[in-house]
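Note on naming: letters A, B, ... go to the chains in the order of the sequence lines (proteins, then strands), and numbering restarts at 1 for each one.
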Protein chains: 2
Amino acid sequence: MKKSIGVNKRDNVKEFEQADSTTVSVDCVVFGYDGYGLKVLIMDCTMPHFKGYDSLIGELVLKSETLDEAAKRILQYWTGLDNLYLEQVKAFSDPGRHPLGRVISVAYYSLVQIDNYKIDPQLKDRLRWADVNELGQMAFDHYDILHSCLSTLQKKIREKPLGFSLLPKKFTLIQLQNLYESILSIELDKRNFRRKLTNLGLLIDLDELQQSVNHRPAKLYSFDFEKYRKKKSKGNLQFEI
Amino acid sequence: MKKSIGVNKRDNVKEFEQADSTTVSVDCVVFGYDGYGLKVLIMDCTMPHFKGYDSLIGELVLKSETLDEAAKRILQYWTGLDNLYLEQVKAFSDPGRHPLGRVISVAYYSLVQIDNYKIDPQLKDRLRWADVNELGQMAFDHYDILHSCLSTLQKKIREKPLGFSLLPKKFTLIQLQNLYESILSIELDKRNFRRKLTNLGLLIDLDELQQSVNHRPAKLYSFDFEKYRKKKSKGNLQFEI
DNA sequence: GTATCTTTGTGTCAATAAGACACTAAGATA
DNA sequence: TATCTTAGTGTCTTATTGACACAAAGATAC
């Protein structure tokens, strides 16, 4: 092995200027939950190579912005929503992943309260909520990106209170349980689940009942984000489901 | 909000061709453990802006390779080592992070058995093992990158058998415990730690004793990676420390 | 070869957490 | 008022975690 130069490229300003340059994009997996299953916001791809294929929401990154800022901008543009939970997952970099040339894409996922959100009418022929399990082949490597984000979500939702970003502010314990069951594809015991949740001490009992159901209405709760932050900063908390 | 175009940039070939392009690099946090503390392989930065600063091992990414390939190439170049544990952590993208222009850097960390590895004599005036805690200001945003990788390591080492990639193939239980204690900055109970490890059933008792210690020598073990893979694929395993 | 030194290696009990399990209570509707 | 549907609750068993102290093995010095 030769160390012929003894400097790495970064050290060398000239080599830097001649460096391979790349296009960078952000692709965003927008998850939503409608009470029945986990949904993803899917776009109809119009690019010639993948015309008609399902794709994620994504755009190229500008030189002047961070990736987080790009992801926020893209979400704002396509959903009109702001202040969503947003997390970087992984960079995808197969040189052949984009038919027009080298594009490295950084994947994010984000969580939306699906009930509070209506797809912009101007975009409604290009955007739809798809069931996670219904999606097969997609444009680019978006299927891989989606499933990579899904496994990250499955892991993180057990360690952090992400589930509450997918539910309405007021929710029932059964809705919460169903959410976990459908995201994790497991069954949970109702009583043990409730014991765990109430022992956490982070749910606020709103003393309100569910409306317009044709059976016994369930009690409504909300999640105490403030208390969660406090407990977490004091270090005496491990949220785990 | 205007949806004036109704297509995102990716769909549009012309816009793609005019897109902002970026330089992408990989920075690698190479962790090692010498029996006393967690070490990082540090390079002496020669770039004018950061002359003499500590930096991580990094290079620009080529157009023809994936990020994983770039990371492997960089590690191979600087350490001569191959087949190291390697994991992508996060992309760093502050537009001002590199003084020569826009460079997005993707951080990796990797694990080295420090005893099996000698720094190439040709590089030994530029490379050194530094104690994680001794490092302060570094070139670029490498201090942030280092600590981001460190927290990922701290989390992952409790869920996956990464510790064994930092130890010699034959190790004692006390070495293993010390490793966990110094990476996690916690104290562990000797008996409880051993109970947990032996209950995992993944250690091979080599029926050998430590050599050249001036006290009672400890028994040597090795980790049964094969059994780990089997158990993991059958799903009846949660490695957790 | 005996004494001393250093580090290794081991077991139990109490407290806490997790898992399994079935019926009554509440409100809606006919 | 009866019936339907879903909500909400408690106990027992088993598994896991945490706290804790001393004898055993080999190295070394005399």
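Both B:Arg216 and A:Leu173 lie near DNA chain D, and the one whose nearest nucleotide falls closer to the 5' end is A:Leu173. If A:Asp189 and A:Pro217 are placed on DNA chain C by their nearest nucleotide, the residue sitting closer to the 5' end is A:Asp189.
Rounded to whole Å, the distance from CG on B:Leu188 to C1' on D:dC20 is 16 Å.
Between the B:Arg126 side chain and the B:Met43 main chain, no donor and acceptor come within less than 3.5 Å of each other.
Under the rule for a salt bridge (charged side-chain N to carboxylate O under 4.0 Å, His left out), the partners of B:Lys39 that lie at least two apart in sequence or sit in another chain are B:Asp34, B:Asp131.
Ionic pairing of A:Lys72 and A:Glu69 is not present here: no N-O contact between side-chain nitrogen and carboxylate oxygen is shorter than 4.0 angstrom.
With a heavy-atom cut-off of 4.0 Å to chain A, the contacted part of DNA chain C has its first and last nucleotide at C:dA18 to C:dT29.
In the model, A:Thr66 has no side-chain atom that pairs as donor or acceptor with a side-chain atom of B:Asp94 under 3.5 Å.
A heavy-atom distance below 4.0 Å to DNA chain D is reached by these residues of residues 190-214 of chain B, ordered by number: B:Arg191, B:Asn192, B:Arg195, B:Lys196, B:Leu209, B:Val213, B:Asn214.
Aromatic rings of A:Phe223 and A:Phe225 (six-membered ring for Trp) have centroids within the 6.0 Å cut-off, being under it.
Residues A:Asp27 and A:Ile74 fail the side-chain proximity criterion, which asks for heavy atoms closer than 4.5 Å.
Ring planes of A:Phe239 and A:Tyr228: perpendicular class, angle over 60° (limits at 30 and 60°). Between A:Phe164 and A:Phe171, the ring planes are tilted. Angles from 30° to 60° get that label.
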